[in-house]
2 protein chains.
Amino acid sequence: MAGKRAAGPQVGLSRERVLRGAAAIADERGLAALTMRSLAEALGVEAMSLYHHVANKEAVLDGLVEVVMAEIEAAVADLDAPEPEDDWRTAMRMRVLAAREVLVRHPWAPRVFETRTGTSLAVARYFDGVLGLMRRGGFSYELGHRALHALGSRALGFSQELFEPDGIEAPEEALAAMAEQVPHLVAMIRDATHGGAVLGWCDYQAEFEFGLDLILDGLERLRTKP
Amino acid sequence: MAGKRAAGPQVGLSRERVLRGAAAIADERGLAALTMRSLAEALGVEAMSLYHHVANKEAVLDGLVEVVMAEIEAAVADLDAPEPEDDWRTAMRMRVLAAREVLVRHPWAPRVFETRTGTSLAVARYFDGVLGLMRRGGFSYELGHRALHALGSRALGFSQELFEPDGIEAPEEALAAMAEQVPHLVAMIRDATHGGAVLGWCDYQAEFEFGLDLILDGLERLRTKP
DNA sequence: CTTGACAGACTTACAATGTAAGTCTATCGT
DNA sequence: ACGATAGACTTACATTGTAAGTCTGTCAAG
């Protein structure tokens, strides 16, 4: 059992440094740019050296989940939220939005989460905290369980947007061209912007909160009158 | 403009056949097994021949989205749902559950959806249909828009489950070992199974419907009293 | 029937990636 | 002083996507 020592010619890697480096690359250059070689280079080392600290690339991705979850747990711990016994709804809302801030800083995180098979301990612990919050807020285990499913990834601050309504320049002609294929969407955009610029008309943060509140409201109703 | 002709020594490929083959491989052997070479082999052809019908592998994945969406549209068309004017909630529910049946047949689909950048026309058309349904059900464009966001991937029949509560053998000892790390989850499982077997105690279909109904109920409330 | 254009298959080749296997060296406990 | 060892490096290879070029069977025009 050697403690920690700086073996080798230089500072020495560590699982910590490897994972931090991986997160940095994903943040700066995207998930596709994260290869064992690019990661090694960023750490001033050869690719194979990484394998002394992580089993393989899958383990790096698993580690990224831990990194993100640690940031989320830290953000949640910093929160000055009400006691769930007094106001579980606000406590939950703040927790989820704190998690969301972390996720927004790491746009690659949802994709990494999704490709992990099996639940990581870090994720399980987070959901355990969510469930504990609901328990303190007066939920039965049964309703708490359903609530975890209903929230899904939203509990961690992201919703799977399969369909991005904005990002279009959408001058009137472009809309007209689309009107045949997707008439209702086009009408919706026209209605929302009444002829003005479309870029950025869709406020994702607001929409996320809307969906979250819809679920929380529903849960609260079930909690009080089952 | 040559019409359709069987050029070459054999039956001849086509974009159609390539995409169907790709879906078959993903279904049978998983998404990771889908390579240009494996796909070619399955079609009795060399890898490079595929490039006469698809631009590159990304295009194959784009095509998979189309394949899935076509199946969903077909399932939706077969539905014997009420007119949205009479009962939008049931019409929507049936539509989403029909989509879900397709998605369940293609477990790789969510991952493919998520990695596509930009919205495909097929997906946009689907959401256009959802929005149209809501319009006929009495939604404003504004509420319809928010509803699309609130539903998110659920409109297509899947929820991002980051956390899989089952899949554990969970004899009492295993639970005891986890109790330190995730006490609430363990208590929840104990409560739900009161000592019995844990395997498969979690009914994903039922949980999906619960979450869906929670959202639909919330939307209905907003629709009738804004 | 000949011929030539071309769609659509095949062959070859290469760069990028993950990683198995083995080597080298500085540090530490004895 | 010295052997063990952690942790770096080197080499090598299988898999993948795909660029570039070749070959061949079919069809339309002469």
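Everything quoted here is computed from the prediction, not taken from an experiment. Order of the sequence lines fixes the chain letters, A, B, ..., with proteins taken first and strands second; residue numbering starts at 1 for each chain.
- Put simply, CZ on A/Arg15 is 18 Å from C1' on D/dA6, counting in whole angstrom units.
- Comparing D/dT10, D/dA12, D/dG17 against the side chain of A/Glu46 picks out D/dT10 as the nearest.
- The phosphate of D/dG7 has neither OP1 nor OP2 within less than 4.0 Å of any side-chain N or O from A/Ser49.
- A/Thr35 comes within 4.0 angstrom of the backbone, heavy atoms only, and of no base.
- With hydrogens and angles left out, the side chain of B/His52 and the base of C/dA7 share no donor-acceptor pair within 3.5 Å.
- We find that NZ of B/Lys57 is positioned 14 Å from C1' of C/dA16, with the value rounded to whole Å.
- Taking the six-membered ring where tryptophan is involved, the planes of A/Tyr204 and B/His149 are perpendicular, since the angle between them exceeds 60° and thus also 30°.
- Of the two residues contacting DNA chain C, namely A/Ala47 and B/Ala47, the nearest-nucleotide position lying further toward the 5' end is that of B/Ala47.
- For the pair B/Met36 CE and C/dA13 P, the interatomic distance rounds to 21 Å; values are reported in whole Å.
- Here D/dG17 presents its C1' atom at 12 Å from CG of B/Leu34, a figure rounded to the nearest Å.
- Minimum atom distance to the side chain of B/Leu13 is reached by C/dA9, of the listed C/dA9, D/dG17, C/dT12.
- Taking atom CG of residue A/Leu61 and atom C1' of nucleotide C/dT17, one finds them 14 Å apart after rounding to whole Å.
- C/dA9 atom P lies 12 Å from atom CE of B/Met48, rounded to whole Å.
- The environment of CZ in B/Arg116 is crowded: more than 12 heavy-atom neighbours from other residues, nucleotides or ligands sit within 6.0 Å.
- The two residues A/Thr119 and A/Ala124 have their closest heavy-atom pair at CG2-N, 4.0 Å.
- With hydrogens and angles ignored, the 3.5 Å screen pairs no side-chain donor or acceptor of A/Ser159 with any backbone N or O of B/Gly152.
- Distances shown here put a side-chain N or O of A/His53 below 4.0 Å from the OP1 or OP2 atom of D/dA8.
- Closest to the side chain of A/Arg37, out of C/dG8, D/dA12, D/dT11, is D/dA12.
- Across D/dA8, D/dT18, C/dC10, the shortest atom-to-atom separation from the side chain of A/Val45 is found for D/dA8.
- Classification of the B/Trp108-B/His106 ring pair by plane angle, with boundaries at 30° and 60°, yields tilted.
- Protein atom CD of B/Glu41 is 12 Å distant from nucleotide atom P of D/dT15, rounded to whole Å.
- Listed nucleotides: C/dA9, D/dG17, C/dT12. Nearest to the side chain of B/Tyr51: D/dG17.
- The separation between A/Leu39 atom CG and C/dT17 atom C1' is 13 Å, rounded to whole Å.
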